[in-house]
Amino acid sequence: HAHGLKYFQWFEPERVMKGTWLDDNHPEWLLTPADLPPELAYHEKDGFRLLDLGNEEAREWITKKISSQLTEYGVDIYRQDFNMCPLYYWRNNEPEDRRGMREIRYIEGLYDFLDTLRRDHPNLVIDNCASGGRRLDFEMLRRSLFLWRTDDCWDPIAEQCMTHALSLWLPIHGVGSISLNPYEFRSGMGSSFTMALDFRSDDPKFWEQAAARVNELMRVREFFGKDYYPLTPYTTADDAWIAWQFHDPQKNAGVVQAFRRGKSADSERTVTLRGLDKQSSYSLMDLDSSTATVASGASLSESGTRISIGQSPGS
């Protein structure tokens with residue numbers, strides 16, 4: 001409870017364990033898995049069950065339960081996690097001529113569940129997580145935010161690729177960083193950011209670096225939810241550059257992020273900026289050197305600007 005905002009996390013309400021109240025009292029509401037691959041054998045071993053949201057009675061029960069607790073605890077933000085592989089549950093004992101119907105009814109039930117929560121709690125913010133990014137679909141976009149986009153976290157190239165691609169569709173998403181290395185830290189920057197560091201450290205140099213990185217993030221974070229333009233092609237290659245631009249047309253300002261990956265032989269790259277007023281002049285500040293240059297919007301939009309990164313990987 002901070003600044004009048006309460007946060008409550010109900011962890012994976014769709015997942016049920018064997019031997020719990022639901023399993024003992026309403027086993028007919030639960031789906032069990034079948035034909036699991038070896039890497040998912042723990043689902044059966046640990047007694048995983050899936051609450052069937054396509055079952056009207058089950059859906060009404062979970063909706064009333066969650067809704068009543070949102071009211072009782074005064075919840076403003078509700079996070080729903082879903083770390084499951086539901087296909088093995090949906091397909092278990094499903095008649096061949098009805099194949100896929102259980103899945104359809106389940107997803108319809110999920111949307112109905114979330115819509116009912118939003119109807120009964122008009123100011124509720126829903127944070128959707130499913131091992132990170134397994135439910136980043138258009139219908140969930142209508143109903144929720146995505147503050148944690150993937151459990152494949154902290155890998156710089158993975159983070160760069162996700163920012164490059166998801167920003168075309170999602171205004172709010174991110175992961176963060178466990179490193180103060182500028183290349184890794186900046187790879188995790190976004191409109192949602194988690195910093196997982198050793199907060200018990202008593203090393204002054206550690207806190208100097210942490211302060212520098214956080215101050216940089218605070219300086220540019222307002223732009224991550226604004227207009228987005230990829231400046232290079234999408235690539236997972238380790239010998240490439242990747243870059244993008246976020247631009248606030250009302251402020252006529254923004255941020256460019258550029259990454260030279262570990263095996264890239266190119267120390268310079270020219271990028272053409274987007275969304276600029278060609279009649280305006282722009283100050284370009286290099287956040288590493290704190291040096292600024294001035295260029296016209298027409299020049300930046302047509303000829304572009306050259307970015308130099310002396311080390312690889314670098315940003």
Side-chain angles (χ1 to χ4, degrees), residues 2 7 9 77 79 81 83 127-134 136 145-226 228 230-232 234-246 254-264 285-290 307 309-315:
Y7 181 86
Q9 177 174 340
I77 301 174
R79 179 179 185 183
D81 209 336
N83 192 0
D127 173 17
N128 159 47
C129 183
S131 297
R134 294 185 179 183
L136 302 186
L145 306 177
F146 309 94
L147 301 183
W148 184 262
R149 65 191 177 194
T150 180
D151 281 354
D152 182 16
C153 43
W154 318 135
D155 176 76
I157 291 181
E159 295 306 323
Q160 295 162 19
C161 288
M162 290 178 198
T163 299
H164 190 282
L166 288 176
S167 298
L168 292 165
W169 304 101
L170 305 181
I172 298 178
H173 63 95
V175 171
S177 181
I178 58 172
S179 170
L180 295 175
N181 174 283
Y183 177 80
E184 296 181 8
F185 190 94
R186 291 167 176 169
S187 295
M189 280 184 174
S191 49
S192 173
F193 187 89
T194 298
M195 188 165 61
L197 302 175
D198 180 7
F199 295 105
R200 295 166 296 184
S201 174
D202 57 5
D203 181 357
K205 292 184 178 179
F206 170 87
W207 290 109
E208 289 176 8
Q209 294 177 14
R213 297 279 73 78
V214 171
N215 287 337
E216 182 178 284
L217 172 65
M218 297 291 284
R219 184 170 182 172
V220 300
R221 70 173 183 172
E222 64 176 298
F223 298 114
F224 286 113
K226 305 302 181 181
Y228 168 71
L231 301 180
T232 64
Y234 174 94
T235 177
T236 62
D238 195 27
D239 61 353
W241 280 54
I242 195 166
W244 53 78
Q245 171 192 357
F246 289 95
V255 60
V256 171
Q257 287 188 285
F259 299 89
R260 177 189 176 187
R261 292 179 177 163
K263 296 182 180 179
S264 171
M285 172 66 72
D286 184 328
L287 295 186
D288 284 327
S289 65
S290 296
I307 299 174
I309 301 178
Q311 62 183 21
S312 57
S315 58

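Quick note: numbers below take in every heavy atom, side chains included, and nothing from hydrogens, waters or symmetry partners. Note that the coordinates shown come from a computational prediction; the quantities given were computed from them, not determined experimentally.
Proximity of Phe146 to Cys129: side-chain heavy atoms (C-beta onward) are nowhere separated by under 4.5 Å. Between Arg219 and Val255 there is no side-chain heavy-atom pair separated by less than 4.5 Å. Taking the side chain as every heavy atom from C-beta outward, Leu145 and His173 never approach each other to under 4.5 Å. Side-chain contact between Arg186 and Gln257 is present, with heavy atoms from C-beta onward closer than 4.5 Å. Between Gln160 and Ser187 the shortest side-chain heavy-atom distance falls below 4.5 Å. Annotation: side chain of Val175 is not in contact with side chain of Thr194 (no heavy-atom distance under 4.5 Å). Residues Arg260 and Gln311 have side chains not in contact (no heavy-atom distance under 4.5 Å, counting atoms from C-beta outward). Side-chain contact between Glu159 and Glu184 is absent, with no heavy atoms from C-beta onward closer than 4.5 Å.
Note that CD1 of Ile309 is 8.5 Å distant from OG of Ser264, once rounded to the nearest 0.5 Å. Here the straight-line distance linking atom CG of Asp288 with atom CG of Asp286 works out to 5.5 Å at 0.5 Å rounding. Met162 contributes atom CE, which lies 9.0 Å from atom SG of Cys153 (distance to the nearest 0.5 angstrom). Note that OG of Ser192 and CG of Leu170 are 11.5 Å apart. Values are rounded to the nearest 0.5 Å. For the atom pair Leu197 CG and Gln209 CD, the distance stands at 10.5 Å (nearest 0.5 Å). Atom NZ of Lys226 sits about 14.0 Å away from atom OG of Ser167, to the nearest 0.5 Å.
When every heavy atom of His164 is checked against every heavy atom of Pro230, the shortest pair comes out as NE2-CB, 3.5 Å. In plain terms, the two heavy atoms of Ser312 and Gly262 that are nearest each other are OG-O, 3.4 Å. Closest non-hydrogen pair, Trp207 versus Ser201, comes out as NE1-O, 2.7 Å. Thr236 and Cys161 get closest at one heavy-atom pair: CG2-SG, 3.8 Å. Shown here for Ala258 and Trp241, the closest heavy-atom pair between the two residues is CB-CZ3, 4.2 Å. Contact between Asp152 and Ala158 at its shortest, heavy atoms only, is OD2-CB, 3.8 Å.
Taking the six-membered ring where tryptophan is involved, the planes of Trp148 and Trp154 are perpendicular, since the angle between them exceeds 60° and thus also 30°. Taking the six-membered ring where the residue is Trp, Tyr183 and Phe259 present perpendicular rings, their angle passing 60° and hence far from 30°. Classification of the Tyr228-Phe246 ring pair by plane angle, with boundaries at 30° and 60°, yields tilted.
Scored by the salt bridge (Lys or Arg N to Asp or Glu O under 4.0 Å) test, Glu208 finds no partners at all (sequence neighbours excluded).
A salt bridge is absent between Asp239 and Lys263; no separation between the charged side-chain nitrogens and carboxylate oxygens falls under 4.0 Å. Under the 4.0 Å criterion applied to side-chain N and carboxylate O atoms, Arg213 and Glu216 are assigned as salt-bridge partners. Salt-bridge check for Arg200 with Asp198: passed, with a basic side-chain N closer than 4.0 Å to an acidic carboxylate O. Between Arg134 and Asp81 there is no salt bridge, since none of the side-chain N atoms of the basic residue sits less than 4.0 Å from a carboxylate O of the acidic one.
Checked by atom type and distance alone, the side chain of Thr235 never pairs as donor or acceptor with a backbone atom of Ile242 at under 3.5 Å. Side-chain atoms of Arg261 come within 3.5 Å of backbone atoms of Ala237 as a donor-acceptor pair (strictly under, hydrogens ignored).
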Evaluate the criterion side chain to side chain contact (heavy atoms under 4.5 Å, CB included) for residue pair Arg149 and Thr163; output intermediate values, then yes/no.
-> CA-CA 10 Å; Arg149 65 191 177 194; Thr163 299; 3.1 Å; yes
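For CH2 of Trp169, the number of neighbouring non-hydrogen atoms (other residues, nucleotides, ligands) closer than 6.0 Å is 12 at most.
A donor and an acceptor atom, one from each side chain of Ser131 and Asn83, are located under 3.5 Å apart.
A ring-centre distance under 6.0 Å is found for Phe193 and Phe185.
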